[in-house]
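We're numbering straight along the sequence, starting at 1. Bear in mind the structure is a predicted one, so any value in this text is a computation, not a measurement. Counting starts at 1 for both ligands and their atoms, in listed order.
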Amino acid sequence: MRKCRNRHLVCACILAAVLCLIGGCLLFAKFKCSRDASSNQITTELFAMDTYITMTAYGRDAETALSDAEDKLIELEQLWSVTDPDSDIYAVNHSDGQPVSVNEETAELLSFALQMAEEANGALEPTIYPVLTAWGFTTEENRVPSDAEITELLKNVGYERIRQEDMTVQLESGMMLDLGAVGKGYAGDLAAQVLKDNGITSALLDLGGNIQAVGTKPDGSPWRLGLRDPFSGGTLGVLEISNQAVVTSGAYERYFIGEDGKHYGHIIDPTTGHPAESGLASATVIADEGRLCDALSTSLYVMGMEHAIEYWQQHQNFEMILITENGEIYLTDGVADSFVLDSYHSNMTVHVIQDEEI
Ligand code: ADP
Ligand code: MG
């Protein structure tokens, strides 16, 4: 009997130790936090939405605010993951054509994505997932699908066939929804809102390269961001922003080289079902809202320079910096003064896009 009790005690101790270890790891995964007491600055890092996220906030309430923002991001990831069987998107994708009720934020994200897909004339295509999978971008087992396979898969692509009524979504059987091209931007908006609701007036969020600024730096000066050089991976220049978001799309991070030696990127041109080859190396969008930046950076990258400029001239509710494959920079008038090329890139040709040019 005594032996048995001891065994229970040992088991309980081991269990407690394992739980502490797991708890510790989870806590670490969720909230890796560093503090600079002199400037009241706190930085947290986490991995969510398939990307590394770093958030820095200033002020007395920064720690609580950041913890709340992290909870929000984790909640959104659980709603929008394509692979998590408990997510809204998974439920829609496995509904076999039946209507599905989704969370309010999922509904908002979807209706925004559908509106942007319409405005971008289908360059943004929230139902491109089956084609993306055929190229192996969802499994990392990359391959070049045959033309016949792509033609067949494209039959199940078409955002205009999604039916949404408030919080109810219906997808035709065989279609798949993936909000990866806009979700991180919208998540940035919502995380920034959580910080503001907690009284934060100065913060910088980096969601895997999607930047979201709350206010200015604590001293009132603008945030200074390095714009990535799509060719070398280094920095091309410095961009100054305040209370805005900046998102870049390009094919330099997620791509594979085929047996034919060609470079295939993860952004698909929905008209061909092939990785976009629009002549752009990257498209950066600067605007008040992260979701607009995210949707547009993907869309403009697919459209290519001429259509992107036309789009900007028609809308003008954002600024953009386009870098062409041949190394020229096209930027809109409103950002010309806030972007400065690094000195060793000063030989690059820069074109300033004015209203009604082209
Ligand atoms: P990232 O998420 O890599 O920062 P984007 O915001 O441009 O870059 O989104 C790319 C992701 O969007 C792809 O990984 C894929 O899931 C999806 N996608 C690819 N092509 C399109 C497209 N034409 N329209 C909408 N989503 C797309
Ligand atoms: Mg995007």
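The protein non-hydrogen atom at the shortest distance from atom 17 (C) of ligand 1 is Asp178 OD2, 3.7 Å. With respect to atom 18 (N) of ligand 1, the closest heavy atom belonging to the protein is Ile128 CG2, 4.0 Å. Nearest to atom 14 (O) of ligand 1 among the protein's heavy atoms is His266 CD2, 3.1 Å. Nearest to atom 15 (C) of ligand 1 among the protein's heavy atoms is Leu132 CD2, 3.4 Å. Scanning the protein heavy atoms around atom 6 (O) of ligand 1, the nearest turns out to be Asp294 OD1, 2.9 Å. Protein heavy atom at the shortest distance from atom 23 (N) of ligand 1 is Ile268 O, 2.8 Å. Atom 24 (N) of ligand 1 has Glu125 N, 2.8 Å as its closest protein atom, hydrogens excluded (heavy atom only).
Not a single N or O atom of Ile267, backbone or side chain, sits closer than 3.5 Å to an N or O atom of ligand 1. Considering backbone and side-chain atoms alike, Pro270 places every N or O at 3.5 Å or more from each N or O of ligand 1. Considering backbone and side-chain atoms alike, Asn210 places every N or O at 3.5 Å or more from each N or O of ligand 1. Residue Ser249 has at least one nitrogen or oxygen atom sitting less than 3.5 Å from a nitrogen or oxygen atom of ligand 1, judged on distance alone.
Rounded to 10 degrees, the OD1-metal-OG1 angle spanning Asp294 and Thr298 at the Mg ion (ligand 2) equals 180°.
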For this session: Would you sort out whether Trp80 and Thr106 count as a side-chain hydrogen bond (donor to acceptor under 3.5 Å, both in side chains), showing the intermediate values?
Result: CA-CA 7 Å; Trp80 301 339; Thr106 308; 3.2 Å; yes

For this session: Would you please test Asn210 and Thr51 for side chain to side chain contact (heavy atoms under 4.5 Å, CB included) and show each step?
Result: CA-CA 10 Å; Asn210 282 23; Thr51 199; over 6 Å; no

For this session: Could you check Gln316 against Asp355 for side-chain hydrogen bond (donor to acceptor under 3.5 Å, both in side chains), going step by step and ending with a plain yes or no?
Result: CA-CA 9 Å; Gln316 297 199 22; Asp355 193 10; 2.8 Å; yes

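Counting atoms of ligand 1 from 1 in the listed order, those under 4.0 Å from a heavy atom of Lys184 are 1 (P), 2 (O), 4 (O). Residue Arg254 approaches ligand 1 through these ligand atoms, each under 4.0 Å from one of its heavy atoms: 14 (O). Near Thr298, the atoms of ligand 1 lying under 4.0 angstrom from a non-hydrogen atom of the residue are 5 (P), 6 (O), 7 (O), 9 (O). Here is the list of ligand 1 atoms found below 4.0 Å of a heavy atom in Ala123: 22 (C), 23 (N), 24 (N). Below 4.0 Å from some heavy atom of Ala181 lie the following atoms of ligand 1, by number and element: 6 (O), 9 (O), 12 (O), 25 (C), 26 (N). Counting the atoms of ligand 1 from 1 in the order shown, those under 4.0 Å from a heavy atom of Leu124 are 24 (N), 25 (C).
A single hydrophobic cluster is seen to contain both Val169 and Leu114, as judged by linkage of ILVMFWY side chains at heavy-atom distances under 4.5 Å, directly or through other members. Following chains of ILVMFWY side-chain contacts shorter than 4.5 Å, one cannot reach Tyr252 starting from Ile321, and the two form parts of different hydrophobic clusters. No single ILVMFWY cluster, assembled from side-chain heavy atoms under 4.5 Å apart, contains both Val247 and Met303.
Between Tyr330 and His351, the two ring planes are parallel [angle under 30°; tilted spans 30° to 60°]. In this structure, His274 and Trp135 have perpendicular ring planes: the angle between them is above 60°, well past the 30° mark.
Side-chain atoms of Asn93 come within 3.5 Å of backbone atoms of Leu177 as a donor-acceptor pair (strictly under, hydrogens ignored). For the pair Trp312 (side chain) and Gln354 (backbone), a donor-acceptor distance under 3.5 Å is absent. Checked by atom type and distance alone, the side chain of Arg291 never pairs as donor or acceptor with a backbone atom of Leu109 at under 3.5 Å. Here the side chain of Asp189 pairs a donor or acceptor atom with the backbone of Gly290 at under 3.5 angstrom.
Under 4.0 angstrom from ligand 1, there are no non-hydrogen atoms of Glu253. Within the 4.0 Å heavy-atom criterion, neither part of Val247 lies near ligand 1.
Under a 4.0 angstrom heavy-atom cut-off, Gly209 registers as lying outside contact with ligand 1.
Checked against a 6.0 Å centroid threshold, the rings of Tyr264 and Tyr255 do not count as neighbours.
Among the backbone and side-chain atoms of Ala181, an N/O/S atom is found under 2.8 Å from the Mg ion (ligand 2).
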